[in-house]
Protein chains: 2
Amino acid sequence: MISEKTISRLSLYHYLLTTLKEQEIEFVFSRQLANMANSTPAQVRRDLMVTGYEGNPKRGYTINELIVAIEEFMGLKEGVDMVLVGVGSLGRALLSYFYPQKPRYNIVAAFDKGSNSDRVVSGCRVYDIAELAPVLAGQRVTMGIVAVPAGAAQQVTTMLCEAGIHGILNFAPIRVKVPRNVYLENVDLAVTIEKIAWFANRAAGKKE
Amino acid sequence: MISEKTISRLSLYHYLLTTLKEQEIEFVFSRQLANMANSTPAQVRRDLMVTGYEGNPKRGYTINELIVAIEEFMGLKEGVDMVLVGVGSLGRALLSYFYPQKPRYNIVAAFDKGSNSDRVVSGCRVYDIAELAPVLAGQRVTMGIVAVPAGAAQQVTTMLCEAGIHGILNFAPIRVKVPRNVYLENVDLAVTIEKIAWFANRAAGKKE
DNA sequence: TTCACGCTGTGAAATCTTTAACAGCTAGGG
DNA sequence: CCCTAGCTGTTAAAGATTTCACAGCGTGAA
């Protein structure tokens, strides 16, 4: 069984490898990757096992080949198509973050309530939320981003699931329910901040 | 030893409890909290152990008292003061997200490069990054948010650490290095999205 | 008052994740 | 050609986290 953490780290290694490739570096050791990822060499080697790609004891990993192996394993050959629900300040930030700098991540449609719809934001058409099902029917999108207020999040999530979405990134601070065949990830700023604050307060007490 | 995960969940329970309180509910069982948190009753009870607060076998937890217990344990009595570095589209979204709706989380100062500084965004003064140390010297801020491009993230992070910050929330896609006495949390959208995409693709194969 | 129910708190077991350890290999040097 | 150094891949141990299971308690009903 492959864990969420392994998948996250593979995605990170992939990114790190592309930056090395841009610097025209050809080979890399697990130690170097670990250092860039704030991890350990053993962790890196263990993670890379799942891709089936094998390095060379003397040269390390051939960057080009390892990138391809991770892409094949993770299914990153084509980019990721997504839809966004909620075009408030967060939604707009997401749209401008992805377009046009991040062509791998493609928000193919955005949705909001009527009064905020029927326009184009950062190159993305904003539809009325009522059109979610018909618009999605023509697409092969597997992922949805929920960036609406807490009160609307469950309803919007349910709509996405019923429209055939299999992965949800939820920015609303509530924990929405999804069917078992939908993968859900929450990004909850308030929780993250309180966690950091707690550890920061402890860390402040430790030796400088 | 108390884990990061426990701290995150306590923060979530705290939020959930405040919403219950708003509905004028007085008591709650671990089962109900678990349901709201997409967790299990045993997990909730074990998490709450660390606060030292004890529920009642017949009524469950008294919401008011449990909120106070979590706040005392987590040090949430006062809000969290933060500084933000990077006032691009993400930085602005963060400023408008917190101000003025979230008075518990207070961005006391923002910083950016000269050309983008010396103005007020969403109620927050934006200083030149060169003023980071002097401005922080007068504050008792423990947390910094890094919302700059990857190329500037390490430099900015180092400046924050040297200015006495003990917790960093990093939105840049690289893994910055911090001294051992600084707590670091990365929010990496690309990694999160690729993780969701991977699990979504698997989930799409499972029974509907 | 006594009983029964269904909850909490928690030690122990199970599961999941990371780290350690080492056999085996590969390139380079003598 | 043979040896050495230092890497990889992988198994096993250690460590962390979650779940189980149940003793014990508090309330409401009889």
Side-chain angles (χ1 to χ4, degrees), chain A residues 1-13 16-17 20 25-70 73 175 183 191 195 198-199 202, chain B residues 1-13 16-17 20 25-67 69-70 73 175 183 186 191 195 198-199 202:
Chain A
M1 191 46 196
I2 293 157
S3 74
E4 290 189 30
K5 294 189 164 186
T6 296
I7 296 298
S8 292
R9 285 188 303 253
L10 285 173
S11 167
L12 174 60
Y13 303 149
L16 296 172
L17 289 164
L20 292 174
I25 298 171
E26 262 194 275
F27 303 102
V28 69
F29 294 120
S30 62
R31 174 191 310 269
Q32 301 171 276
L33 270 179
N35 188 44
M36 288 187 285
N38 285 350
S39 182
T40 65
Q43 181 78 79
V44 170
R45 294 202 301 275
R46 171 147 291 263
D47 288 336
L48 295 183
M49 272 179 71
V50 305
T51 68
Y53 179 70
E54 302 212 343
N56 171 310
K58 206 64 184 184
R59 301 194 193 286
Y61 303 94
T62 306
I63 288 179
N64 277 323
E65 294 175 3
L66 183 51
I67 288 176
V68 170
I70 295 178
F73 177 77
R175 292 305 176 268
Y183 180 81
V191 165
K195 175 165 78 162
W198 194 81
F199 284 101
R202 317 204 105 182
Chain B
M1 190 48 196
I2 293 157
S3 74
E4 290 188 29
K5 294 188 164 188
T6 297
I7 297 297
S8 291
R9 285 188 302 253
L10 284 173
S11 168
L12 174 60
Y13 303 151
L16 296 172
L17 289 164
L20 291 174
I25 298 170
E26 264 194 275
F27 304 103
V28 69
F29 294 120
S30 62
R31 174 191 308 270
Q32 300 171 276
L33 271 177
N35 188 45
M36 287 187 286
N38 285 350
S39 181
T40 66
Q43 182 78 78
V44 171
R45 296 202 299 275
R46 176 146 307 267
D47 288 336
L48 295 182
M49 274 180 70
V50 304
T51 68
Y53 179 70
E54 301 213 342
N56 170 309
K58 204 63 184 185
R59 298 193 194 287
Y61 302 93
T62 306
I63 288 179
N64 277 321
E65 295 175 1
L66 182 51
I67 288 176
I70 294 177
F73 176 77
R175 292 305 176 269
Y183 180 81
N186 298 292
V191 165
K195 176 164 76 160
W198 195 81
F199 283 100
R202 312 205 110 183

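Here is the naming used below: chain letters follow the sequence lines, and residue numbers restart at 1 for every chain.
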Which pairs, with at least one residue in residues 57-69 of chain A and sequence neighbours excluded, count as a salt bridge (Lys or Arg N to Asp or Glu O under 4.0 Å)? none

According to salt bridge (Lys or Arg N to Asp or Glu O under 4.0 Å), does anything in residues 27-51 of chain A pair up with another residue at least two apart or in another chain? List the pairs. A:Arg9-A:Asp47

Please give, in whole Å, the distance from [N] [atom2] to [X] [atom1]?
X	N	atom1	atom2	value
B:Tyr61	D:dC25	OH	P	16 Å
A:Gln32	D:dG6	CD	P	15 Å
A:Leu33	D:dC7	CG	C1'	14 Å
B:Phe27	C:dT8	CZ	P	13 Å
B:Arg31	D:dC20	CZ	P	13 Å

With sequence neighbours excluded, residues passing salt bridge (charged side-chain N to carboxylate O under 4.0 Å, His left out) with A:Arg175: A:Asp188

Just jot down the salt bridge (charged side-chain N to carboxylate O under 4.0 Å, His left out) partners of B:Glu54, sequence neighbours excluded, or say none. none

Can you check whether A:Tyr53 reaches A:Ile70 side chain to side chain, under 4.5 Å on heavy atoms? no

Side chains of A:Leu10 and A:Leu48 in contact at under 4.5 Å (non-hydrogen atoms): yes

Return the set of residues passing side chain to side chain donor-acceptor pair (under 3.5 Å) with [X] (not counting sequence neighbours), or none when no residue passes.
X	value
A:Ser11	B:Glu194
B:Asn56	none
B:Asn38	A:Lys177

Polar atoms only, N or O, under 3.5 Å: list the protein pairs with nucleotides 11-13 of chain D and their distances.
unit_1, atom_1, unit_2, atom_2, d
D:dT11, O4, A:Arg46, NH2, 2.9

Between OG1 on residue B:Thr51 and CG on residue B:Leu66, distance to nearest 0.5 Å: 6.0 Å

Per the under-4.0 Å heavy-atom filter, residues of residues 35-44 of chain B near DNA chain C come out as none

May I ask you to list the residues of residues 3-11 of chain A, by number, that have any heavy atom positioned under 4.0 Å from an atom of DNA chain D? none

Atom pairs, protein N/O to nucleotides 25-30 of chain C N/O, distance under 3.5 Å:
unit_1, atom_1, unit_2, atom_2, d
C:dA27, OP1, A:Asn56, ND2, 3.1

Examine the side chains of B:Glu4 and B:Tyr183 and answer whether a donor and an acceptor come within less than 3.5 Å of each other. yes

With B:Ile2, which residues qualify under side chain to side chain contact (heavy atoms under 4.5 Å, CB included), at least two apart? A:Trp198, B:Thr6, B:Ile7, B:Val50, B:Phe73

On the nucleotide C:dG9, are OP1 or OP2 found under 4.0 Å from the side-chain N or O atoms that B:Arg45 carries? no

B:Glu54 or A:Asp47: which one's nearest nucleotide on DNA chain C is closer to the 5' end? B:Glu54

